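Working notes for the structure below.
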Amino acid sequence: MKILIFLAVFTFSLHASQIKLNAPCNNDTLYQGDYFYLLPPSLGEFAVHFFSDNEIPFQGSEMGFNSILETPIGLDALVVIDDQTMLAFGWCFKHNGKIKELMANEIEVLRGDKVEWFYGHARMENNTWTQQCVEGPYNSPLNPACSTQGDHGSNQLSDRVNGSL
């Protein structure tokens with residue numbers, strides 16, 4: 001009887017939220033599905049556990065990610081357009097369809113929430129950041145994740161997960 005009560009409480013306290021990971025070069029969905037947890041985590045905790053559990057390579061922490069799928073970081077993630085304009089590429093997220101101006105560890109993921117990770121850029125013009133977390137460009141020589149070094153594992157991950165990690 002105690003086991004039945006424990007299972008009933010455990011089952012009813014299990015939460016699910018949807019997570020989606022997009023390819024850095026073409027924004028195709030590499031994975032989309034529900035991820036389960038007991039206590040509401042921060043969006044950063046949610047992503048760290050998801051990436052770790054599914055062996056998706058990443059660099060970063062609950063605050064945010066420098067690299068997912070071995071995408072370029074540091075100077076390799078910067079594109080200088082001219083002497084006044086630069087793009088800084090990296091990973092951004094949407095929470096329930098909206099890009100938020102918060103760190104990933106500052107947002108709580110609740111039951112039924114949707115989290116989407118995509119590769120985007122910030123734009124600096126005349127020493128001022130004018131845009132943040134702009135999606136793309138995809139399939140472009142400006143996108144450092146799509147250079148001659150390949151797609152940074154997105155095809156391998158897509159083949160491995162086939163939509164169901």
Side-chain angles (χ1 to χ4, degrees), residues 17-35 41-107 109 113-165:
S17 293
Q18 188 177 87
I19 189 163
K20 180 178 176 182
L21 176 63
N22 295 337
C25 292
N26 56 23
N27 209 34
D28 287 350
T29 300
L30 294 177
Y31 175 84
Q32 182 171 345
D34 290 333
Y35 194 67
S42 72
L43 192 145
E45 290 172 313
F46 184 68
V48 165
H49 289 290
F50 169 75
F51 296 145
S52 297
D53 290 350
N54 293 288
E55 300 177 4
I56 297 169
F58 70 92
Q59 291 181 21
S61 70
E62 296 166 358
M63 292 178 67
F65 299 95
N66 299 329
S67 178
I68 303 171
L69 301 170
E70 300 173 351
T71 51
I73 60 173
L75 293 176
D76 293 333
L78 302 178
V79 175
V80 176
I81 305 295
D82 57 41
D83 58 348
Q84 298 297 313
T85 309
M86 176 182 74
L87 304 179
F89 283 82
W91 288 91
C92 299
F93 62 85
K94 293 180 185 176
H95 180 241
N96 293 326
K98 295 181 181 165
I99 297 172
K100 308 244 176 139
E101 292 287 329
L102 295 169
M103 301 295 286
N105 65 321
E106 298 175 317
I107 298 171
V109 175
D113 281 1
K114 294 179 180 173
V115 175
E116 177 181 350
W117 287 92
F118 66 92
Y119 197 69
H121 70 273
R123 182 180 191 93
M124 178 181 272
E125 295 176 351
N126 300 314
N127 293 320
T128 302
W129 291 108
T130 59
Q131 295 176 307
Q132 305 249 356
C133 283
V134 177
E135 294 185 62
Y138 302 107
N139 297 318
S140 166
L142 289 179
N143 185 333
C146 305
S147 67
T148 57
Q149 298 171 358
D151 65 3
H152 298 279
S154 60
N155 282 339
Q156 295 152 332
L157 179 65
S158 181
D159 292 344
R160 183 169 66 83
V161 299
N162 199 13
S164 58
L165 277 177

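Bear in mind that the values here come from a model prediction, so they are computed numbers and not experimental data.
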Selection residues 57-69 - residue pairs positive for side chain to side chain donor-acceptor pair (under 3.5 Å), sequence neighbours left out: Ser67-Thr71
Do side-chain atoms of [X] reach the backbone of [Y] as a donor and acceptor pair under 3.5 angstrom?
| X | Y | result |
| --- | --- | --- |
| Asn143 | Pro137 | yes |
| Asn126 | Thr128 | no |
| Tyr31 | Asn54 | no |

Can you sort out the partners of Phe118 under ring-ring contact (aromatic ring centres under 6.0 Å, His included), two or more places apart, ordered by chain and number? none
Report yes if some heavy atom in the side chain of [X] is under 4.5 Å from a heavy atom in the side chain of [Y]; otherwise report no.
| X | Y | answer |
| --- | --- | --- |
| Ile107 | Phe93 | yes |
| Cys92 | Ile99 | no |
| Val48 | Phe65 | yes |
| Leu69 | Leu30 | yes |
| Leu43 | Trp117 | yes |
| Glu125 | Arg123 | yes |

Could you give the distance from [atom1] ([X]) to [atom2] ([Y]), rounded to the nearest 0.5 Å?
| X | Y | atom1 | atom2 | value |
| --- | --- | --- | --- | --- |
| Lys94 | Glu135 | NZ | CD | 3.5 Å |
| Asn139 | Asn26 | CG | CG | 5.5 Å |
| Glu101 | Cys133 | CD | SG | 7.0 Å |
| Gln32 | Lys20 | CD | NZ | 5.0 Å |
| Met124 | Gln132 | CE | CD | 9.5 Å |

Contacts of Asn96 that satisfy side-chain contact (heavy atoms from CB on, under 4.5 Å) - sequence neighbours left out: Asp113, Lys114
Qualifying ring pair (Phe, Tyr, Trp, His ring centres under 6.0 Å) pairs with a residue from residues 121-143, counting only residues at least two apart or across chains: Phe89-His121
Tell me whether the centres of the aromatic rings in Phe58 and Trp91 are closer together than 6.0 Å. no
Nearest atoms (heavy-atom pairs only) where [X] meets [Y]:
| X | Y | value |
| --- | --- | --- |
| Met63 | Met103 | O-CE, 3.4 Å |
| Ala145 | Cys25 | O-SG, 3.3 Å |
| Cys146 | Pro24 | SG-O, 4.1 Å |

Tell me every residue that passes salt bridge (Lys or Arg N to Asp or Glu O under 4.0 Å) with Glu106, counting only those two or more places apart in sequence or in another chain. none
Can you give the donor-acceptor pairs under 3.5 Å from side chains of residues 72-84 to other protein atoms, not counting sequence neighbours?
| from | atom 1 | to | atom 2 | distance (Å) |
| --- | --- | --- | --- | --- |
| Asp82 | OD1 | Gln84 | N | 2.8 |
| Asp82 | OD1 | Thr85 | N | 2.9 |
| Asp82 | OD1 | Thr85 | OG1 | 3.2 |

